[in-house]
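By convention in this document, chain letters (A, B, ...) are assigned in the order of the sequence lines, proteins followed by strands, and residues within each chain are numbered from 1.
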Amino acid sequence: MSISSQYDPTSVEDKWYQYWLDHNYFHATPQTGKEAYTIVIPPPNVTGVLHMGHMLNNTIQDVLIRKARMEGKEACWIPGTDHASIATEAKVVRMLREQGIKKSDLSREEFMKHAWEWKEKYGGIILEQLKKLGASCDWERTGFTMDQEYHDAVIRVFVDLYNKGYIYRGLRMINWDCEALTTISNEEVIYKEDGEKSILYSVKYQIKDSDEFVTIATQRPETIMGDTGIAVNPKDERFRHLIGKKALVPFINREIPIIGDDYVELDFGTGCLKVTPAHDPNDYEIGQRHNLEVIDTINLDGTLNEKCEIDKYVGQDRFKVRKMIIGDLKAANILVGEEEFVTKIGRSERTNSVVEPKLSLQWFIKMKDISRKAHKAVMDDEIQLYPSKFKNTYNHWMENVRDWCISRQLWWGQRIPAYYYGEGEDDFVVAETIAEAVELAKEKSGNSALQESDLRQDPDVLDTWASSNIWPIETFGGFSDASFDKKKGKIDKKKNPELDFFYPTETLVTAPEILFFWVARMIIAGYEYLDEKPFKNVYLTGIVRDKQRRKMSKSLGNSPDPLVLIKQYGADGVRTGMLFSSPAGNDLLFDEKLCEQGRNFSNKIWNAFRLVKGLEISEENQPNINKQAIEWFKARFNKTLTEIEDHFAKFRMSDALMSVYKLVWNDFCSWYLEWIKPEYGQPIDRQTYDNTLVIFEQVLKLLHPFMPFISEELWHQIKERSESEALIISSWPEAEQWDENLLKQVDFLFEVTAGIRNIRNSKGISPKENLELVTSSKDVERVSASLEKLGNVSVVNSDDKPANSFSFVIGADEYHIPASENVDVEAERKKMEEELNYTKGFMQSVSKKLANERFVSGAPEQVVANERKKLADAEAKIKTIEESLANL
RNA sequence: GGAGUGUUAGCUCAGUUGGUUUAGAGCACUGCCUUGACAGGGCAGGGGUCGUUGGUUCGAAUCCAAUACACUCCACCA
């Protein structure tokens with residue numbers, strides 16, 4: 001037989017993935033009598049391409065889902081993509097710009113056509129890439145957050161929440177991009193790390209009916225005409241007397257109140273703050289507290305409007321006006337200071353223009369009441385977060401939860417179903433369809449002549465998270481007419497067999513960054529519509545970083561291409577590489593060496609198989625030592641499996657993998673196979689051979705969730721299998737009782753073996769040279785046959801101590817290997833003295849403990865007995881070593 | 001500014017309610033091995049006063065306090 005000595009994943013992986021697909025193993029359906037195990041994928045952006053974060057995240061999900069499938073559960077992993085309104089729209093706009101098309105030249109419909117074309121062309125690439133990783137998703141259920149049904153569900157939820165009184169319209173300070181003429185989210189505002197240099201100007205405002213002045217500090221003098229107040233800290237002795245008086249805005253002489261507010265810092269600037277509610281978020285809040293007027297002096301394109309009351313500024317850009325007004329202030333002799341300072345200026349990620357804070361009417365969800373159950377569910381461990389430290393973060397967020405602004409000034413997304421019939425602030429209705437809207441509008445306005453053409457739909461779309469929050473529900477059609485009760489605003493699970501079977505889902509695997517954006521909001525939706533959690537566990541992965549702890553990013557170019565890695569190391573290698581070093585919640589310091597380690601592991605398994613498959617079989621009886629080896633490995637296997645289950649129960653994926661890794665590499669390859677391996681050229685007895693194949697199969701099962709491809713390949717190489725016998729749908733082993741004494745016995749066997757090998761190593765004796773091992777140990781008798789094989793020795797049980805020999809001590813027994821040449825007595829003596837010293841030191845610390853009366857009386861009996869045993873063992877050992885020393 | 005987490009071997013991390021030899025693993029490192037499944041390998045080995053200082057206890061990596069350092073999240077100075 002000629003099998004390559006190196007495992008080649010390339011052909012194997014595509015073959016088995018196709019095989020799994022062909023046999024529909026990934027597809028799940030509701031089944032009576034079967035337990036469901038559902039995972040919904042965190043839907044990646046349609047425009048996305050696979051990066052290392054996805055690799056980690058989806059590997060974990062696949063491990064969980066494959067294990068569940070093998071455990072006989074109806075395992076359902078729902079894949080899909082998110083329309084990601086901001087990110088996608090930005091990409092489409094950029095693409096159009098490259099073609100010379102401006103978004104502003106397009107109608108909404110035309111733009112959407114381009115966007116859909118883009119989505120059809122590039123959307124979902126990432127899902128294809130996931131297949132290379134081995135992801136066993138139920139592809140028939142692939143979803144998209146802008147599918148027609150999904151869209152309808154999102155709108156339905158909006159209307160429902162509006163009718164329940166959770167949604168309202170309100171003023172809010174938003175980030176405005178004056179070049180792109182759009183709102184941008186906080187995430188799209190970037191601040192230079194070290195801030196930017198700016199100048200803080202001090203300007204004198206006259207106090208009304210007085211010669212006194214108050215000096216304020218500002219870095220935006222062009223907003224002076226929008227001032228509607230001046231604030232000082234009420235604790236500030238310097239200015240307290242001014243509170244309640246009025247000041248005059250330079251040039252335009254508007255009277256504005258001087259107010260006291262804690263927000264003002266005593267030691268920054270001049271201690272006096274001009275308040276411009278229309279152009280600064282903090283000023284807006286101060287304005288709210290003190291009922292200040294809001295005067296918006298800046299147009300959408302960043303020029304000043306007529307409200308600034310100074311003709312020459314009107315129509316000029318805000319930065320030009322800044323220069324102009326500085327000159328004018330100087331000329332008027334009221335600019336009294338210019339000080340350079342470093343501040344953080346927000347710039348638009350896309351246009352790099354300075355973000356203009358702007359007040360506008362937006363849609364909000366009231367969060368306090370609606371999130372109460374979701375808060376409690378996590379605090380009561382109804383939903384478990386892994387690692388649990390995120391419970392704190394979650395609690396903190398929930399306790400201070402703020403209303404959620406859900407409108408976005410974009411086109412790509414679910415358009416807000418609000419329809420305006422008049423100019424008044426309250427002249428609108430909210431409805432699922434325009435037909436319903438007309439009816440509602442007639443009612444509300446009292447104008448029965450209203451028609452569809454009289455209504456204008458709100459131009460904004462919903463925040464992406466306001467649609468992905470129903471992902472675990474709507475992927476099963478929860479909001480369809482069949483199961484959603486509009487009057488109650490609740491879903492009746494019993495009327496939806498899919499939802500009834502698969503919901504709540506089992507585990508959500510996602511990144512901590514979106515704990516609030518997404519996870520919390522899914523929990524809220526789950527309780528609002530089903531009075532039930534959407535998932536039982538939330539596994540929060542870390543961030544994938546490079547070796548220097550830097551985040552992986554395109555601009556740094558430090559992120560490897562996952563598909564290249566898969567090509568180099570195999571999907572199994574990359575999967576295990578990612579998992580080797582990723583405890584939940586900890587950042588993963590990615591190093592290609594980890595993938596190399598994963599690939600080496602594949603190779604190790606491959607070669608273990610080559611050895612077994614290459615054996616000749618004889619019909620001779622099974623030797624006892626093989627029987628012992630098999631019994632030992634079974635015990636070892638069961639113990640390890642118990643550990644693995646424990647790790648899985650605690651979501652310690654790395655540890656679970658490491659247990660499998662050590663079981664395969666150390667226990668199976670290094671010990672078991674060496675133990676049963678016949679001498680060169682000799683055959684193996686059939687019974688041992690068959691047993692070994694069974695063991696190999698069990699091991700492959702444990703490997704499968706982590707390394708699906710190589711395990712499936714070898715599974716079929718062991719013997720021909722029918723399609724109902726594929727490894728992916730085989731049964732996960734159940735841990736059985738094991739004999740702990742047997743394990744101890746064999747540990748002892750290994751220890752003696754290591755002792756022998758150590759002597760070979762240090763004395764330069766070849767492993768091939770058969771040696772004599774003389775000992776008086778009684779323990780060795782039961783394992784002597786195995787010891788002779790593993791250590792390549794002949795055991796002589798005798799109380800005699802051969803004169804010219806190397807020796808080592810285990811427990812209280814001494815082992816001698818007679819030497820063919822003269823032994824260096826001094827070296828032996830030195831070695832023994834070192835061991836003697838160590839043991840004596842150890843004994844001392846134990847006897848010190850035992851000499852302490854409060855320990856003996858205070859500590860539990862078990863602990864004291866244990867210490868006594870340690871002391872006795874150490875004493876025996878010391879005696880043995882001392883005797884040997886005397887003999888030398 | 002508010003909240004939280006961490007600090008154990010060169011690196012990444014375990015160490016479960018204080019007691020199982022004088023603290024473990026993987027990788028890295030050192031020595032030897034052209035061993036017959038695998039050099040992408042084998043065997044053996046070295047390496048840590050558990051950030052620092054106090055305290056509680058018969059007993060502390062583990063509990064408490066202070067301190068230093070690192071990181072994360074939230075809110076952010078006109």
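The phosphate of B:G40 (OP1 or OP2) has no side-chain N or O of A:R599 nearer than 4.0 angstrom. Regarding contacts with the backbone of B:C38, every side-chain N or O of A:N600 stays at 4.0 angstrom or more from both OP1 and OP2. Side-chain N/O atoms of A:N392 include one lying less than 4.0 angstrom from OP1 or OP2 on B:U5. A:R652 has a side-chain polar atom (N or O) that falls below the 4.0 Å cut-off from OP1 or OP2 of B:G15. Here A:R402 reaches the OP1 or OP2 of B:A75: one of its side-chain N or O atoms lies under 4.0 Å away.
Listed by chain and number, the residues in a salt bridge (Lys or Arg N to Asp or Glu O under 4.0 Å) with A:K840 are A:E882 (sequence neighbours excluded).
Classified by interplanar angle (parallel below 30°, tilted 30° to 60°, perpendicular above 60°), the ring pair A:F633/A:Y672 is tilted. Classification of the A:W675-A:F750 ring pair by plane angle, with boundaries at 30° and 60°, yields perpendicular. Note: A:F609 and A:W606 have tilted aromatic rings, judged against thresholds of 30 and 60 degrees for the angle between ring planes.
A 6.0 Å sphere centred on CD of A:E513 holds more than 12 heavy atoms belonging to other residues, nucleotides or ligands. No more than 12 heavy atoms of other residues, nucleotides or ligands lie within 6.0 Å of CD in A:E679, so this atom counts as exposed by the packing criterion. Heavy atoms of other residues, nucleotides or ligands lying less than 6.0 angstrom from CD of A:E399 number more than 12. Summarising the local packing, NZ of A:K567 is surrounded by 12 or fewer heavy atoms from other residues, nucleotides or ligands at distances under 6.0 Å.
Within 4.0 Å of A:G271, counting heavy atoms only, lies at least one base atom of the nucleic acid. When heavy atoms are screened at a 4.0 angstrom cut-off, A:L273 is found touching base atoms of the nucleic acid. When heavy atoms are screened at a 4.0 angstrom cut-off, A:A754 is found touching the sugar-phosphate backbone but no base atom. Using a 4.0 Å heavy-atom cutoff across all strands shown, A:R760 reaches no nucleic acid atom at all. Residue-level contact check: A:N282 touches the backbone only, with heavy atoms under 4.0 Å from sugar-phosphate atoms and none from bases. Residue-level contact check: A:S670 touches the backbone only, with heavy atoms under 4.0 Å from sugar-phosphate atoms and none from bases.
A pairwise comparison of heavy atoms in A:I230 and A:A247 identifies CD1-CB, 3.9 Å as the closest pair. Between A:I676 and A:A629, the closest heavy-atom pair is CG2-CB, 3.7 Å.
Here the separation of B:C43 from B:C38, taken at their C1' atoms, is 15 Å to the nearest Å. On the P atoms, B:A3 is 40 Å away from B:G48, given to the nearest whole Å. Distance check on atom C1': B:U67 versus B:A23 gives 25 Å, rounded to whole Å. Straight-line distance between the C1' atoms of B:U16 and B:U52: roughly 27 Å, to the nearest whole Å. Taking atom C1' on both B:U5 and B:A25, the two are 23 Å apart, rounded to the nearest angstrom. With both ends at atom C1', the span from B:U12 to B:U20 equals 27 Å, rounded to whole Å. With both ends at atom P, the span from B:A68 to B:U49 equals 24 Å, rounded to whole Å. Rounded to a whole angstrom, the distance from the P atom of B:C27 to that of B:G45 is 16 Å.
Closest to the side chain of A:Q597, from the set B:U5, B:G40, B:G26, is B:G26. Considering only side-chain atoms of A:M658, the nucleotide from B:U20, B:A25, B:A78 that sits closest is B:A25.
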Nucleotides 28-33 of chain B: which of its N/O atoms have a protein N/O under 3.5 Å away?
unit_1: B:G31; atom_1: N2; unit_2: A:N761; atom_2: OD1; d: 3.3

I'd like a list of close polar pairs between nucleotides 69-72 of chain B and the protein, N/O only, cut-off under 3.5 Å.
none

Restricting both atoms to N or O, compile the protein contacts to nucleotides 55-59 of chain B shorter than 3.5 Å, with distance only.
unit_1: B:C58; atom_1: OP1; unit_2: A:R854; atom_2: NH2; d: 3.0
unit_1: B:C58; atom_1: OP2; unit_2: A:R854; atom_2: NH2; d: 2.8
unit_1: B:C58; atom_1: O2'; unit_2: A:N852; atom_2: ND2; d: 2.7

Problem set entry | Candidate pair A:T640 and A:K662, rule side chain to side chain donor-acceptor pair (under 3.5 Å), full reasoning | CA-CA 9 Å; A:T640 306; A:K662 285 195 275 191; over 6 Å; no
Problem set entry | Stepwise side chain to side chain donor-acceptor pair (under 3.5 Å) test for A:Y284 and A:Q288 | CA-CA 6 Å; A:Y284 178 66; A:Q288 291 274 293; 3.3 Å; yes
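Whole-Å rounding puts the A:I605 CD1 to B:G40 P distance at 17 Å. Taking atom CG of A:N792 as the reference point, atom P of B:C43 lies 15 Å away to the nearest angstrom. Atom P of nucleotide B:A78 and atom NZ of A:K274 are separated by 12 Å, given to the nearest angstrom. Computed from coordinates, the A:D261 CG to B:A78 C1' distance equals 13 Å when rounded to whole Å. Between A:E834 atom CD and B:G46 atom C1' there is a gap of 13 Å when expressed in whole angstrom units. Across the protein-nucleic acid pair, A:L611 atom CG and B:G42 atom P stand 13 Å apart, rounded to whole Å. Remark: P of B:G40 and CD of A:Q568 are 15 Å apart, rounded to the nearest angstrom. The CG atom of A:D546 sits 12 Å away from the P atom of B:U12 (whole-angstrom rounding).
The OG1 atom of A:T223 sits 8.5 Å away from atom CZ of A:R322, with the distance rounded to the nearest 0.5 Å. Taken from CG in A:L515 to OG1 in A:T393, the straight-line distance is 7.0 Å, to the nearest 0.5 Å. Separating the CG atom in A:L771 from the CZ atom in A:R760 is a distance of 4.0 Å, to the nearest 0.5 Å. One finds the CH2 atom of A:W671 at 12.0 Å from the CZ atom of A:R636 (value rounded to the nearest 0.5 Å). Expressed to the nearest 0.5 Å, how far CD1 of A:I60 lies from CE of A:M578 amounts to 8.0 Å.
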Exercise. If pairs are Watson-Crick or G-U with both distances under 3.5 Å, what is the dot-bracket string of RNA chain B, marking crossing pairs with [ ] and pairs to another strand with |?
Worked result: (((((((..((((.....[....)))).(((((.......))))).....(((((..]....))))))))))))....
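Across the interface with RNA chain B, nearest-nucleotide mapping of A:N758 and A:Q6 shows A:Q6 to be the residue nearer the 5′ end. Map A:T839 and A:P281 each onto its nearest nucleotide of RNA chain B; the residue landing nearer the 5' end is A:T839.
Between the side chain of A:N603 and the main chain of A:Y7, a donor-acceptor pair closer than 3.5 Å is present. Panel note: side chain A:T270, backbone A:T215; a donor-acceptor pair is recorded below 3.5 Å.
Between the side chain of A:E674 and the base of B:A37 there is at least one donor-acceptor pair of N/O atoms closer than 3.5 Å.
Residues of residues 661-669 of chain A having a heavy atom closer than 4.0 Å to RNA chain B, listed by number: A:Y661, A:K662, A:W665, A:C669.
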